[in-house]
Each structure stands twice: as C-alpha cells, then as structure tokens.
Amino acid sequence: MTTSQWELVYALQAGMVGLGVVALYSALTTPTLLCVTALLLLYPLYCRQRKRVAGSVSLEDRAVLVTGCDTGFGHGLAKALFEQGCHVIATVYRPDGEGAQTLRDVKSDRMTVLPLDVSSDDSVAQCLRQVKEMCKNSGLWGLVNNAGHNFVGEVELTTMRQYLMVANINIFGMVRTTRAFLPLLRQAKGRIVNVTSIKGQLSTPMNAAYNITKYGGETFSEITRMEMKQFGVKVIVVEPGNFGGATGCINKDGRARIEGELKEMWAEASDEVKKIFTKEHLDDVLRNTGREATITYPDLTPVIRAMTEALTSGDPDFRYIVDGSNRLFDIGCTLVRLKPFLPDRYFERVVSHFLPYNVEQPRF
C-alpha cells in the first residue's frame with residue numbers, strides 16, 4: 001500500500017477513537033453518572049447478600065480428592081481441608097517424596113495419601129478402584145483437578161514431545177480424572193474444581209504449550225458444567241495469577257527443570273532455528289524466569305481460600321480470578337478483566353506494552 005493509503009487508515013482510526021471519546025463524554029450526564037455509581041455500589045452488596053442467603057456446606061464427613069498434592073496449591077489445600085474435618089484423599093505423583101510423607105505424618109484416618117499419575121490411564125483406574133471402596137456409600141463430594149506442569153518456550157523451539165507431554169498432564173489429565181470420578185460425584189451431587197490459570201484467558205509469548213492446555217481446561221470446565229447441572233454437580237474454575245514463586249514452579253528447583261527443558265529444545269532445534277533463537281536468548285529466558293519469581297505473591301493463601309470457597313459455598317462462582325502479584329496489581333489478572341472492553345488489535349498492543357517480547361535479530 002502507498003503512504004497516502006496508510007494515512008487514510010490512520011485518519012479513520014483516529015476518527016473512530018475521537019467519536020468514541022465524544023460519545024462517552026456525551027453520555028456522562030449527571031443521571032448517567034448517578035446510575036453507574038449506584039450500580040457499582042449495589043452489585044457487591046447483591047453478591048454478598050446472595051452468598052449469605054445461600055449459606056455454606058460443612059465438609060465434615062465428606063470426601064474430597066485433590067490431585068497434585070506433592071507441593072504447591074494441592075499440598076496446601078489438603079492441609080486446609082483436613083483442618084475443616086474433611087476426609088482428604090490427597091493424591092501424589094511421588095509417593096515416596098517429601099510432600100507425601102508430610103501428609104502421611106498427619107496420622108489420621110481422614111488423610112489418605114494415594115499415588116496418582118494423571119497422565120496414565122492405568123494409574124487413574126487404580127486410584128479409582130481404591131476411592132470407590134472408600135466412598136461407595138456416600139460418593140465423592142469434591143474433585144480438585146490441581147495437578148499440572150508449568151512450561152515456557154517459543155512455538156518454534158518447543159519440541160513435539162514437549163507439547164504432548166504438557167497436554168497429557170494439564171488437559172488430558174484433567175479429562176481422565178473427571179471422567180473416572182464423575183459417577184461418584186453424581187452420587188454425592190458434589191463439586192468439581194478445575195485449577196487452570198489466568199493464562200487460560202490471556203495469550204502471551206513463550207507460553208504456547210502451556211496456554212493451549214489452560215484454554216482447553218476452561219472450555220472443558222464450561223461444557224462439563226452444562227452437562228452436569230441436571231445431576232446437581234457444580235463445576236468451578238480457579239484461575240491463579242502470579243503465584244509461581246510461592247508454588248515453587250519457578251524457584252531454584254523449578255528453574256533447574258526449566259533449564260533442562262530449554263536444553264532439550266536447543267538439542268533438537270535445526271541450525272536455521274538456532275540462528276534466530278540463539279543460546280544467549282535461552283539463557284535470557286532462564287534469567288527472566290528467576291526474576292519473575294521475585295514479584296509473585298509471597299504465599300498460597302488467596303488461592304487456597306478460593307478453592308475452599310468453591311467446595312463449601314452454597315452458591316459458588318463459576319470462576320475465581322485470584323490476583324497474585326506482590327506489587328500494586330497483578331498484570332495478568334488486570335489484563336484479563338480489561339480484555340472484554342477492547343478490540344483485539346488494541347488489546348494486543350496493551351499486552352505487548354506490559355509484557356514486552358522481542359528476540360534480537362542476528363547479524364548475518
């Protein structure tokens with residue numbers, strides 16, 4: 001296109017923005033401002049009153065199965081639910097690990113620790129057989145699909161094995177466990193709590209393998225909610241923001257895993273790809289991951305609280321967005337709340353401003 005044609009495009013763009021500003025200004029009359037203010041004040045009051053009237057559900061003598069209890073959210077939730085009198089079925093990927101042993105040290109009939117690899121059909125089937133025996137009379141009140149695998153890497157660098165590995169844990173693991181335990185959940189008219197991420201609504205560079213699974217978890221949850229509503233089973237999504245440093249997925253041990261995955265990408269990359277995404281670039285990725293860990297929320301309390309409310313509220317929300325930064329606001333959560341109000345083209349510019357991404361072009 002010629003320069004004059006682009007000038008016309010920019011002029012039309014400025015005109016649309018100007019008209020939008022004029023329309024907004026014209027609408028901001030005193031009655032309009034009063035109505036908007038009243039709505040902003042009434043809506044939180046309505047939500048609070050609705051939850052108060054709906055009441056809460058006691059977890060005493062109810063069974064809740066939580067996946068991924070080795071560390072992080074799952075481990076913290078297992079302890080919190082136990083304190084509320086719940087029979088916790090805490091499943092772990094490493095039965096001999098420190099997290100599993102800590103839960104066993106509770107030494108109570110209400111804390112059952114079972115091995116579970118959500119990426120394995122056989123492991124899920126074996127776990128189901130044991131849980132059926134425990135819950136055959138009462139059913140299963142809650143299933144918390146928390147197990148997951150954090151991952152970073154560009155679209156072109158991430159290997160197909162890595163794409164499939166992340167998907168098999170994060171999305172198909174959720175599908176496996178949900179399908180397996182639905183009969184017990186229907187029996188109890190219970191709850192499914194699927195832990196996705198704010199990245200289930202926010203696409204960002206270097207997160208393709210991870211975001212695909214989180215978007216999938218959102219869709220799977222919504223469809224399951226619609227199908228299970230007639231059976232009295234509620235499905236709730238919890239979307240944590242920036243809690244990576246608190247969960248440990250990007251702390252020292254987490255970065256060691258990420259470093260290994262980056263090395264695998266480099267080993268399988270073609271010479272052409274290596275010219276674009278250099279070894280220095282991958283080193284920067286690892287350093288940035290370490291820096292990100294310093295700005296996350298210091299503990300898991302907000303997410304544990306949201307998970308617990310999802311299991312106990314008489315009227316739980318469909319979705320809990322949980323802010324997780326130790327700064328003034330969580331950038332990811334804020335962008336997700338802003339997304340419905342901006343056209344895609346402008347929203348992408350906003351994302352690029354707050355979450356800049358650039359690969360230094362090589363000099364040939």
Side-chain angles (χ1 to χ4, degrees), residues 68 72-74 76 145-155 158 166-167 169-171 174 193-222 236-251 254-255 258 284-307 309-310 317-358:
F73 299 136
N145 283 309
N146 164 75
H149 185 91
N150 188 41
F151 192 88
V152 294
E154 274 97 346
V155 169
T158 303
V166 176
I169 297 171
N170 288 1
I171 179 60
M174 182 185 293
V193 180
N194 289 333
V195 183
T196 59
S197 166
I198 202 64
K199 292 179 181 178
Q201 294 194 67
L202 178 66
S203 300
T204 54
M206 299 194 57
N207 282 274
Y210 184 76
N211 281 36
I212 288 169
T213 65
K214 297 306 177 179
Y215 270 79
E218 295 281 331
T219 300
F220 177 72
S221 300
E222 291 176 0
I236 303 102
V237 177
V238 175
E239 299 174 349
N242 191 358
F243 288 87
T247 61
C249 66
I250 56 174
N251 63 5
R255 288 199 301 278
I258 293 171
D284 285 341
V285 170
L286 191 61
R287 280 192 293 271
N288 288 336
T289 302
R291 284 193 289 269
E292 186 180 344
T294 65
I295 64 171
T296 65
Y297 199 82
D299 61 61
L300 307 176
T301 304
V303 179
I304 303 302
R305 188 185 301 121
M307 291 173 163
E309 181 177 324
D317 296 340
F318 283 4
R319 176 177 285 105
Y320 291 85
I321 297 177
V322 189
D323 294 81
S325 175
N326 63 6
R327 299 190 173 183
L328 184 61
F329 61 93
D330 187 312
I331 292 174
C333 293
T334 303
L335 288 172
V336 164
R337 294 186 180 104
L338 182 65
K339 186 176 181 179
F341 305 102
L342 288 178
D344 290 344
R345 191 179 300 275
Y346 293 104
F347 180 73
E348 188 170 302
R349 291 181 186 176
V350 175
V351 173
S352 297
H353 173 76
F354 284 103
L355 302 171
Y357 170 79
N358 183 56

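The basis for the numbers below is simple: all heavy atoms, side chains too, and nothing from hydrogens, waters or symmetry mates.
Remark: the Asn170 side chain and the Thr213 side chain contain an N/O donor-acceptor pair separated by less than 3.5 Å. For the 3.5 Å distance criterion, the side chains of Asn194 and Asn145 qualify, holding a donor opposite an acceptor. Side chain to side chain, Lys199 and Asn207 meet the donor-acceptor criterion of an N or O pair below 3.5 Å. Using modelled atom types, one finds no donor on one side chain facing an acceptor on the other under 3.5 Å when comparing Tyr357 with Thr204.
Among residues two or more places apart in sequence or in another chain, the salt bridge (charged side-chain N to carboxylate O under 4.0 Å, His left out) test is passed with Glu222 by Arg319. Every residue meeting the salt bridge (charged side-chain N to carboxylate O under 4.0 Å, His left out) condition with Glu309, not counting sequence neighbours, appears here in chain and number order: Lys51.
Salt-bridge check for Asp344 with Arg349: failed, with every basic side-chain N at 4.0 Å or more from each acidic carboxylate O.
Using a 4.5 Å heavy-atom threshold, the side chains of Phe151 and Thr158 count as touching. Residues Arg327 and Ile295 have side chains in contact (heavy-atom distance under 4.5 Å, counting atoms from C-beta outward). Inter-residue side-chain proximity for Thr196 and Val238 is flagged as unmet; no heavy-atom pair is nearer than 4.5 Å. The side-chain heavy atoms of Asp323 and Phe329, taken from C-beta on, include no pair separated by under 4.5 Å. Residues Tyr320 and Val195 are not in side-chain contact: their nearest non-hydrogen atoms beyond the backbone lie 4.5 Å or more apart. Looking at heavy atoms from C-beta onward, Leu335 lies in side-chain contact with Ile331 at the 4.5 angstrom threshold. Contact check for Tyr210 versus Val152: no side-chain heavy atoms found under the 4.5 Å cut-off. At a threshold of 4.5 Å between non-hydrogen side-chain atoms, the residues Asp299 and Pro302 count as touching.
Between the Asn242 side chain and the Gly324 main chain, no donor and acceptor come within less than 3.5 Å of each other.
One distance of note links CD1 of Ile236 with CZ of Phe318; it measures 9.0 Å at 0.5 Å rounding. Atoms CG and CD1, from Asn150 and Ile169 in turn, are 11.0 Å apart once rounded to the nearest 0.5 Å. In this structure, SG on Cys333 lies 4.0 Å from CD1 on Ile198, to the nearest 0.5 angstrom. The CG atom of Leu338 sits 4.5 Å away from the CG atom of Leu342 when rounded to the nearest 0.5 Å. Taking CD1 of Ile304 as the reference point, atom CE of Met307 lies at 5.5 Å (rounded to 0.5 Å). With rounding to the nearest 0.5 angstrom, the CG atom of Leu355 is 11.5 Å from the OG atom of Ser203.
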Could you go through Leu202 and Phe347, starting from their C-alpha distance and side-chain angles, then the distance that decides it, and tell me whether this counts as side chain to side chain contact (heavy atoms under 4.5 Å, CB included)? CA-CA 10 Å; Leu202 178 66; Phe347 180 73; 3.8 Å; yes
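Looking at Lys214, Glu218, Arg337, Glu239 one by one, the single match for side chain to side chain donor-acceptor pair (under 3.5 Å) with Gln201 turns out to be Glu239.
Between Phe243 and Tyr297, the ring planes lie tilted relative to each other; the angle falls in the 30° to 60° range.
In this structure, Leu300 and Ala246 approach most closely via the heavy-atom pair CD2-CB, 3.6 Å. Listed here is the closest heavy atom pair of Ala209 and Val166: O-CG1, 3.7 Å. Of all heavy-atom pairs spanning Val237 and Ser221, the tightest one is CG2-CB, 3.4 Å.
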